[in-house]
2 protein chains.
Amino acid sequence: MAETFYKEHSKFHVAVDCIIFGFDDGMLKLLIHKRKFEPFLDHWSLFGGFLRSDESLDDGARRILFELTGLENIYLEQLYAHGEPMRDPAGRVVSVSYVALIPGHKYHSGFSEQYDAVWIPLNMMPDLIMDHNDMVERGLKWLRRRASTRPIGFELLPEEFTIPRLQNLYEAILGEKLDKRNFRKKLLSMDFLKKLEEKDKTGSRKGAYLYKFDQQMYNKLVDNGFSFTI
Amino acid sequence: MAETFYKEHSKFHVAVDCIIFGFDDGMLKLLIHKRKFEPFLDHWSLFGGFLRSDESLDDGARRILFELTGLENIYLEQLYAHGEPMRDPAGRVVSVSYVALIPGHKYHSGFSEQYDAVWIPLNMMPDLIMDHNDMVERGLKWLRRRASTRPIGFELLPEEFTIPRLQNLYEAILGEKLDKRNFRKKLLSMDFLKKLEEKDKTGSRKGAYLYKFDQQMYNKLVDNGFSFTI
DNA sequence: ATTTTAAGTGTAATATTAACACTTACCGGG
DNA sequence: CCCGGTAAGTGTTAATATTACACTTAAAAT
């Protein structure tokens, strides 16, 4: 069919590259690996692959993430299409980048060794192939903007988390210290955090209460015109 | 070269579609036309075309905008890549949408008749082909977000404009009435509007002073940590 | 001169943000 | 068992930003 109407037009390889954020040890990190094929075999690279003829971009991103890391049900969002003619010296490839946020409880699940993936703190990023460093930079900007206008920080934490831990995350994302009291006050005033009975004692002797993000409550608030900001 | 390493992978047509906003008569409008080729010959459509093998996505968007409307030097920004396998019944096409903002002084320059383009108010949008209505919706969301965090409103006005006119524009973008005094106060307090000597008397007997957006001043402010919001 | 119309102007009330320091709970070691 | 260390937890005040609101003015048209 395509051949009927569009055959005179050029065709392109379409790739998907995943900018995979994680949060550990008080630091934002990115999951990268050494490329498994030519060109740039063995160079540091984002996780990427070619789109298949029967899948959407979103499906492609999901598949690639799964194939290369074994991770499923991950927060994924399209970021930007890169199409400089010479961006890949091995051929004309349009690459669509996606941001993925890996929650805390999957961060340490052993996949990274199996799949030869490594977590690298953002401020120690090596040179990546092609325009991947640009993608990372764009991804970080996206994360900053997004995390301050949507409650997506929770995507990077375990389901149950403490307020201090959440604050550390926001500090890492925004790159600035925040005031403890103001942070807590603001978050709790928004009414979508459910306090649990237990404490997490890994962070201190005293222990800090665990909380859960209440998605339903958040949705209700949004319906009533509430909008998240931090 | 591409054939050396990537030849086993699928290739795709890549299209660019332009979501072209204008502001006239107190209304936000979109420039659309009736499609010139099959499939969907003669159906309402955004301005779009196929990417060429030697151009970047940005270049493609610029070229298509120029070929189909004759307009050059227009504010253009990439929005989103659409890649559902069945989005185009005539074949597999990945389409990257771009937003274009047409300034007031080019709005009425006669190009729209020459090129068989029509300005349609956003609230009277007809059914467009394929996923073009989705693109428009996304474009509008983008415009709302963007216009309230960056001084891009000016891209939709003539170089010289009055405060009331600027307010009308923001009201049209945001879809809500704004307070005259607060609006003026806020805008002028930001210090990047240069007041001119002349008045524009088309809007009233009294006439309203003309202003110009001072890009250099704005840049300086941004360097000092200022950030625009409305 | 009078009417008409949109432009232009200031202040007070309210809400939001920012700054800031001490107490508490708990564990571990002496 | 008590003492020290450590991160968690807690309120108030000042400064700033936002909202609400109504009359005067300039100039053209009659």
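The sequence lines fix the lettering, A, B, ..., with proteins before strands; numbering per chain opens at 1. Values below: all heavy atoms of this structure, side chains included; hydrogens, waters and symmetry mates excluded.
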task = Let me know the distance between CG of B:Leu193 and P of C:dG8, rounded to the nearest Å.
result = 13 Å
ask   = Is the Lys NZ or Arg CZ of B:Arg138 less than 6.0 Å from the centre of B:Tyr80's six-membered ring, within 45° of the axis?
value = yes
key: Side chain proximity check, B:Tyr218 to B:Phe226, heavy atoms < 4.5 angstrom   = yes
request  = Summarise protein proximity over nucleotides 20-30 of chain D in one line of letters, 5' to 3': B for base, S for sugar-phosphate only, - for none, counting protein heavy atoms closer than 4.0 Å.
outcome  = BBB--BBBBS-
Under 3.5 Å donor-acceptor pairs involving side-chain atoms of residues 66-73 of chain B, not counting sequence neighbours:
unit_1	atom_1	unit_2	atom_2	d
B:Glu67	OE1	B:Arg63	NH1	3.3
B:Glu67	OE2	B:Arg52	NH2	3.3
B:Glu67	OE2	B:Arg63	NH1	3.2
B:Thr69	OG1	B:Leu65	O	2.5
B:Thr69	OG1	B:Leu71	N	3.2

note = In whole angstroms, the gap separating P of C:dA7 from CZ of B:Phe183 amounts to 12 Å
Atom-to-atom span, NZ of B:Lys195 to P of C:dA7 - whole angstrom = 14 Å
ask   = How about B:Ser56 and B:Asp58: does a side-chain donor come under 3.5 Å of a side-chain acceptor?
value = no
query = What is the distance, rounded to the nearest whole Å, between atom CG of A:Leu210 and atom C1' of D:dA8?
reply = 13 Å
query = Residues from residues 147-176 of chain B sitting under 4.0 Å of DNA chain C, heavy atoms only?
reply = B:Pro164
remark   = note: B:Asp200, atom CG; C:dA7, atom C1'; distance rounded to Å ~ 12 Å
key: Side-chain heavy atoms of A:Leu210 within contact of A:Thr162, under 4.5 Å   = yes
ask   = Taking NZ from A:Lys177 and C1' from C:dA19, how many angstroms apart are they, rounded to a whole number?
value = 16 Å
task = Report yes or no: do A:Asn219 and A:Gln215 form a side-chain donor-acceptor pair below 3.5 Å?
result = yes
ask   = Can you say whether the rings of B:Phe192 and B:Phe213 are parallel (under 30°), tilted (30 to 60°) or perpendicular (over 60°)?
value = perpendicular
message = Holding to salt bridge (Lys or Arg N to Asp or Glu O under 4.0 Å), I want the full list of residues that pass it with A:Lys195, two or more places apart in sequence or in another chain.
response = none
query = Taking five pairs at each end of the helix from C:dA1-D:dT30 to C:dG30-D:dC1, what angle separates the two helix axes (nearest 10°)?
reply = 0°
key: Any A:Arg184 side-chain nitrogen or oxygen under 4.0 Å from OP1 or OP2 of D:dG9   = yes
task = Round to the nearest Å and state the distance from B:Ile230 atom CD1 to D:dA17 atom P.
result = 16 Å
key: Pair B:Asp223 + B:Lys220: basic N to acidic O under 4.0 Å   = no
key: Length of the line joining A:Glu198:CD and C:dC26:P, which is rounded to integer Å   = 15 Å
inquiry  = With a 6.0 Å cut-off on the ring centroids, do A:Phe161 and A:Phe154 count as close?
reply    = yes
Determine all donor-acceptor pairs shorter than 3.5 Å in which one atom belongs to a side chain in residues 114-128 of chain A; sequence neighbours excluded.
unit_1	atom_1	unit_2	atom_2	d
A:Asp116	OD2	A:Lys36	NZ	3.2

